[in-house]
2 protein chains.
Amino acid sequence: MARAATTSDAFNAIAEPRRRAILTLLVARERPVNEIVSELKLDQPSVSKHLRVLRDVGLVRVRCDGRQKFYRTQAEAIRPLHEWAATFERYWSHQLNRVKERAERAAAQESKSTPHTGGKDDD
Amino acid sequence: MARAATTSDAFNAIAEPRRRAILTLLVARERPVNEIVSELKLDQPSVSKHLRVLRDVGLVRVRCDGRQKFYRTQAEAIRPLHEWAATFERYWSHQLNRVKERAERAAAQESKSTPHTGGKDDD
DNA sequence: ACATTACATGCCCATATCGGAATATGTCAA
DNA sequence: TTGACATATTCCGATATGGGCATGTAATGT
């Protein structure tokens with residue numbers, strides 16, 4: 001087997017930096033393809049292919065008007081990502097708290113004696 | 001060119017479902033490799049390879065003790081992902097609000113006449 | 001009808017991937 | 001030293017990718 005298809009998942013789809021750029025560009029308002037091309041300075045077939053991937057995983061929607069197609073980010077599709085990442089939030093808070101506490105202890109010590117070896121801490 | 005390396009980015013690294021599983025498993029407490037193997041029912045070389053990728057992008061840290069290596073999720077490394085996704089939060093809220101408003105208007109109308117064509121709404 | 005505009009798709013190629021199996025490295029124990 | 005245990009790395013093959021370029025298709029204008 002090889003890597004999972006880019007279209008298999010929102011996680012796989014957003015791994016590509018240009019696709020993230022496209023999503024960012026299209027979140028505020030819909031835009032026709034040529035505008036994405038000129039704005040991000042990619043060539044048109046490339047943009048179309050990226051849009052295809054994003055479309056396949058529901059990260060963008062299209063509205064057709066004459067010969068133009070207006071794409072727009074489907075923000076809800078990013079939510080699962082956000083929620084998955086949020087799962088880890090309390091843990092990085094923990095770590096930050098530990099760092100903070102240590103800094104505070106160090107500062108308290110600093111004003112008394114200036115030691116060079118801190119107390120024995122985890123991580 | 002091919003797809004960007006899995007080790008090029010946290011975004012690329014977490015595209016793989018098993019790597020996400022590993023991160024989830026290792027966030028609460030550190031574990032030796034064999035425990036990851038038995039817990040997730042993957043074979044050992046596979047786990048070692050995934051850990052290598054995660055390590056390369058700073059998503060896990062290792063502590064060596066004798067012949068064992070204890071891995072643990074480095075939660076901070078997931079933060080950029082969370083923040084990138086959070087960028088879109090207000091937009092999916094918007095959409096939800098619009099849906100909600102429409103539902104409320106519809107409900108209000110419902111109690112009066114039961115029309116079949118709503119007002120002209122965007123999206 | 002014909003040219004032009006706006007996108008989408010197809011083809012080729014170099015590359016990185018993941019799985020599987022084997023093997024290498026490193027540590028402890030007898 | 002020899003052997004068992006814990007983990008890492010390597011080689012292989014199949015596959016999907018993204019860039020570049022050409023071509024296809026649909027809608028508009030003249």
Side-chain angles (χ1 to χ4, degrees), chain A residues 1-23 25-26 29-73, chain B residues 1-23 25-26 29-73:
Chain A
M1 220 178 283
R3 227 200 282 200
T6 56
T7 54
S8 58
D9 214 279
F11 285 95
N12 280 280
I14 66 152
E16 170 64 53
R18 278 115 189 183
R19 283 197 286 265
R20 290 200 299 278
I22 291 174
L23 289 175
L25 182 64
L26 298 181
R29 58 183 171 84
E30 66 177 14
R31 299 190 197 238
V33 177
N34 63 32
E35 203 171 320
I36 307 173
V37 169
S38 58
E39 204 73 26
L40 301 182
K41 291 173 182 171
L42 301 172
D43 45 37
Q44 179 266 314
S46 183
V47 170
S48 277
K49 285 181 206 167
H50 284 314
L51 287 171
R52 177 85 164 109
V53 173
L54 293 172
R55 210 162 117 69
D56 282 355
V57 296
L59 280 165
V60 297
R61 301 191 74 195
V62 211
R63 182 178 65 86
C64 300
D65 181 43
R67 51 183 153 186
Q68 293 188 297
K69 300 201 177 177
F70 293 85
Y71 282 86
R72 185 178 181 176
T73 299
Chain B
M1 219 178 285
R3 228 200 281 201
T6 55
T7 55
S8 59
D9 215 274
F11 286 94
N12 280 280
I14 65 152
E16 169 64 53
R18 277 116 188 183
R19 283 197 286 265
R20 290 200 298 278
I22 290 175
L23 289 175
L25 182 65
L26 298 180
R29 59 184 170 85
E30 67 176 14
R31 299 190 196 237
V33 178
N34 63 31
E35 203 172 318
I36 307 173
V37 169
S38 57
E39 205 73 26
L40 300 182
K41 292 175 181 170
L42 301 171
D43 46 36
Q44 179 268 315
S46 182
V47 170
S48 277
K49 285 182 211 167
H50 285 313
L51 287 171
R52 178 85 165 109
V53 173
L54 293 172
R55 210 161 116 70
D56 283 354
V57 297
L59 280 164
V60 297
R61 303 191 73 195
V62 210
R63 182 178 65 85
C64 300
D65 181 42
R67 52 185 152 184
Q68 292 187 298
K69 300 202 176 178
F70 293 84
Y71 283 86
R72 185 179 181 176
T73 299

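We name chains A, B, ... by the order of the sequence lines, and we start the count at 1 in each one.
Side-chain contact check for B/I14 versus B/R19: every heavy-atom pair is 4.5 Å or farther apart. A heavy-atom distance below 4.5 Å is not found between the side chains of B/L25 and B/E35.
Considering A/L42, A/D43, A/V47 as possible partners of A/V37, the one that fulfils the side-chain contact (heavy atoms from CB on, under 4.5 Å) test is A/V47. Each of B/R72, B/R63, B/K69 was evaluated against B/E30; a single residue qualifies, B/R63, per the side chain to side chain donor-acceptor pair (under 3.5 Å) test. Screening B/I22, B/L59, B/D56, B/V62 for a side-chain contact (heavy atoms from CB on, under 4.5 Å) with B/L51, the sole residue that qualifies is B/I22.
Regarding B/N12, its CG atom lies at a distance of 13 Å from the P atom of C/dA16, rounded to whole Å. Between the CD1 atom of A/I22 and the P atom of C/dC7 there is a distance of 13 Å, rounded to whole Å. Regarding A/D43, its CG atom lies at a distance of 8 Å from the P atom of D/dC21, rounded to whole Å. As rounded to whole Å, 15 Å separates atom P of D/dC21 from atom CG of A/L42. If you measure from atom CD1 of B/I14 to atom P of C/dT17, you get 16 Å, rounded to the nearest angstrom. In this entry the distance linking CD of B/E16 with P of D/dT15 reads 17 Å, nearest Å.
Between the side chain of A/R67 and the base of C/dT5, at least one donor-acceptor pair of N or O atoms lies under 3.5 Å. Side chain A/Q44 to base C/dA8: a donor-acceptor pair is found below 3.5 Å. Residue side chain B/K69 does not reach the base of C/dG26 through any donor-acceptor N/O pair under 3.5 Å, judged by distance alone.
OP1 or OP2 of D/dG18 lies within a sub-4.0 Å distance of a side-chain N or O belonging to A/R19. Between C/dA8 and A/Y71, a contact under 4.0 Å exists linking OP1 or OP2 to a side-chain N or O. OP1 or OP2 of C/dG19 sits under 4.0 Å from a side-chain N or O of B/R18.
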- Task: With side-chain contact (heavy atoms from CB on, under 4.5 Å) as the test, would you mind laying out the steps for A/L23 and A/V60 before giving the verdict?
- Result: CA-CA 8 Å; A/L23 289 175; A/V60 297; 3.8 Å; yes
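Open room surrounds CZ on A/R55; 12 or fewer heavy atoms of other groups in view lie less than 6.0 Å from it.
Summarising the geometry of B/A13 relative to B/V53, their closest heavy-atom pair is CB-CG1, 4.1 Å, with the distance given to 0.1 Å. Closest heavy-atom contact between B/S48 and B/V33: OG-CG1, 4.4 Å. The nearest pair of heavy atoms linking B/P32 to B/Q68 is CB-NE2, 3.7 Å. Nearest heavy-atom pair across B/F11 and A/A15 is O-CB, 4.0 Å.
For DNA chain C, the residues of residues 50-58 of chain B within the heavy-atom distance limit of 4.0 Å (strictly under) are B/H50, sorted by number. Taking every heavy atom of residues 29-36 of chain A and every atom of DNA chain C, pairs under 4.0 Å involve A/P32, A/V33, A/N34, by number.
Each of A/K49 and A/A4 has a nearest nucleotide on DNA chain D; the 5'-most of these lies closest to A/A4. Looking at which nucleotide of DNA chain C each of A/R3 and B/M1 is closest to, the 5′-most match is held by B/M1. Comparing B/P45 and B/A2 by the nucleotide of DNA chain D whose heavy atom lies nearest to each, the residue mapping closer to the 5' end is B/P45. Comparing B/G66 and A/S48 along DNA chain C, the residue whose closest nucleotide (by nearest heavy atom) sits nearer the 5' end is A/S48.
Counting only Watson-Crick and G-U wobble pairs whose two distances sit under 3.5 Å, DNA chain C takes part in these stems of three or more pairs: C:1-30 with D:1-30.
One finds no salt bridge joining B/E16 and B/K49 here, because no Lys/Arg side-chain nitrogen approaches an Asp/Glu carboxylate oxygen to under 4.0 Å.
Taking the side chain of B/T6 as heavy atoms from C-beta on, and the options D/dA8, D/dA27, C/dT17, the nearest nucleotide is C/dT17.
Distance CD1/A/I36 to CD/A/Q44: 10.5 Å, rounded to 0.5 Å.
Here A/S46 lies in heavy-atom contact (under 4.0 Å) with sugar-phosphate atoms only.
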